[in-house]
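This structure is a prediction, so every number in the text was calculated from the model and none was measured. Every chain is numbered from 1 and lettered A, B, ... according to where its sequence line falls, protein lines coming before strand lines.
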Amino acid sequence: MPDSATLIMLLEGTCATLYMTLVSTLFGYVLGLPMGIVLAVTDREGIKPNKFVYKLLDFFSNIIRSIPFLILLILVIPLTKAIVGKSYGSSATVVPLVIAAAPFIARMVEASLKEVDKGVVEAAQSMGAGMFTIIYKVLLAEARTSLLVGVTIAVGTILGYSAMAGAVGGGGLGDIAVRYGYHRYQSDIMIITIVILVVLVQILQGIGMLLSKRLDRRVNK
Amino acid sequence: MEKKEIVLELKHVRKDFGNGPVLKDISLQLHKGEVMVFIGPSGCGKSTLLRCINGLEGIQGGEILLNGKLISTENTKWSEVRQKIGMVFQSYDLFPHMTVMENILLGPVKVQGRNRKEAEQEAERLLERVGLSDKQRAFPAQLSGGQKQRAAIVRALIMKPQILLFDEVTAALDPEMVREVLDVMLELAKSGGTMMIVTHELSFAKAVADRIIFLDDGIIVESGTPEEFFTRQKTERAQRFLNTFIFREEKGGDEA
């Protein structure tokens, strides 16, 4: 069994991982949600089609999503240094995590909003609702279960990315797994970190799914 | 009918989705308090016509005037126009995540900026009128098709539109629920509502219409009172159309 120092380290690693994941998800949505809304609204089939804006965002988000995360981590080091002041540790990892997550989140938001029944949007239009009313009262409100499922997926993905950041001194459980499990051949610690990661994903997933089910009014209860 | 003011006027309206015209040359005048019913075979452009009037589809030629004002322009403020032209859809299209009351209040409160209390009271009155007083707090998924459609009618009515468009509002309903919706519409018509109705319910058309417009292949083939249309068709096309319906009714198998 690991000693108490190791346990404390694992506990701290778990907290760091949770911190990175949740903060990155939050900021990821601060950027990704508006981006996703704009993508859904300006699409050809959207409520305010705008080819130029759509193509621009489309191109931008595709580029970022094509860069492997490990490369992105290194690529944005200057920016990370400028924002956080250093290039290692959990806070520093948040920067590339947000950059990687935002376009991914935007895509999921876009997909969720596009799932909203076109007839319902037309019904809102037919009563004279403006763009913002439709976005806020119809698109976001009707897509909320799907959006929440998206959040759950985003949290899981960002958690995975944050572990990858361990390879370059990103802090958190991934960092511990790489340093102890890989460099020092302490596979027991590696296995423990994996178990913790699995449990974290399960818990976060469970919360997300429960919430989205609670908020779903489409089925008769 | 006495001369009443013209609310809506269409002049040579043409609609083309890009693969041949759907509406070719539609001209008509809708007077205040008039109930105009469009009938015709599937795909003849009836629904498209209503959608063009509401701006859900753009037109490629001709003009649409509301109260004498051109509304078929590039800069039309559709959100203002649509408050005057309400629409009820075949698939109800209630907002699934809102209760019946919230569905109804969205328009008056969020779009028209009316007082919530006042709008709520009116919603209650209207719900009572269509027999849904006890469903205020229900979600659409908890209602039957007929109830949903009546709620959708209230949602359109509360905006106090000058014209109400009904796009095959009973086509998706189970036969036993058709009547309750048609009764509501009949009552609206009697109380002086200006309406344009697309329907396949011929006996309802006969009962509710001031004027029947028979559309086929994107043009108005016949236009007249129900009495004229059902007893003395001027064209062979209209006769053929009515015959297929009568034949179906005699067979007794079709609920269309």
Enquirer: Less than 4.5 Å to any heavy atom of chain A: does that hold for the side chain of B:Met159, its backbone, both, or neither?
Expert: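 Side chain only.
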
Enquirer: Using heavy-atom distances under 4.5 Å, tell me whether A:Ser126 contacts chain B through its side chain, its backbone, both, or neither.
Expert: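 Contact with chain B is through both the backbone and side chain of A:Ser126.
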
Enquirer: Is there a donor-acceptor contact under 3.5 Å linking the side chains of B:Thr76 and B:Thr73?
Expert: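 On atom types as modelled, these side chains qualify, holding a pair under 3.5 Å.
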
Enquirer: Counting only heavy atoms closer than 4.5 Å, note whether B:Leu165 contacts chain A via side chain, backbone, both or neither.
Expert: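 Neither part; nothing is under 4.5 Å.
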
Enquirer: So for A:Val138, is it side chain, backbone, both, or neither that comes closer than 4.5 Å to the heavy atoms of chain B?
Expert: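 For A:Val138, the contact with chain B is made by the side chain alone.
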
Enquirer: Is there a side-chain contact between B:Thr170 and B:Gln149, using heavy atoms and a 4.5 Å cut-off?
Expert: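 Of all side-chain heavy-atom pairs linking B:Gln149 with B:Thr170, none is under 4.5 Å.
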
Enquirer: State whether a side-chain donor-acceptor pair under 3.5 Å links A:Tyr161 with A:Thr93.
Expert: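 Note: A:Tyr161 and A:Thr93 side chains miss the donor-acceptor criterion.
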
Enquirer: Should the heavy atoms of other residues, nucleotides or ligands under 6.0 Å from CD of B:Glu128 be counted, would the total exceed 12?
Expert: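 Incorrect, the count does not exceed 12.
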
Enquirer: Do you know which of B:Glu102, B:Arg155, B:Glu80 has the most heavy-atom pairs under 4.5 Å to chain A?
Expert: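 Looking at each option in turn, the highest pair count goes to B:Arg155.
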
Enquirer: Using a cut-off of under 4.5 Å on heavy-atom pairs, state which of A:Gly128, A:Ala123, A:Ala129, A:Ala124 scores highest against chain B.
Expert: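 Top count of heavy-atom pairs under 4.5 Å with chain B: A:Gly128.
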
Enquirer: Going by heavy atoms in the side chains, are B:Val208 and B:Phe166 under 4.5 Å from each other?
Expert: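 They are not in contact (no side-chain heavy atoms under 4.5 Å apart), so the answer is no.
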
Enquirer: Using a 3.5 Å distance criterion without hydrogens, assess whether the side chain of B:Asn103 forms a donor-acceptor pair with backbone atoms of B:Ala152.
Expert: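 Checked: no pair found.
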
Enquirer: Give, as side chain, backbone, both or neither, the part of A:Ala141 having an atom under 4.5 angstrom from any heavy atom of chain B.
Expert: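 Only the backbone of A:Ala141 comes within 4.5 Å of chain B.
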
Enquirer: Sort B:Phe95 into side chain, backbone, both or neither according to what part of it lies under 4.5 angstrom from a heavy atom of chain A.
Expert: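 It is both, since atoms from each part get that close.
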
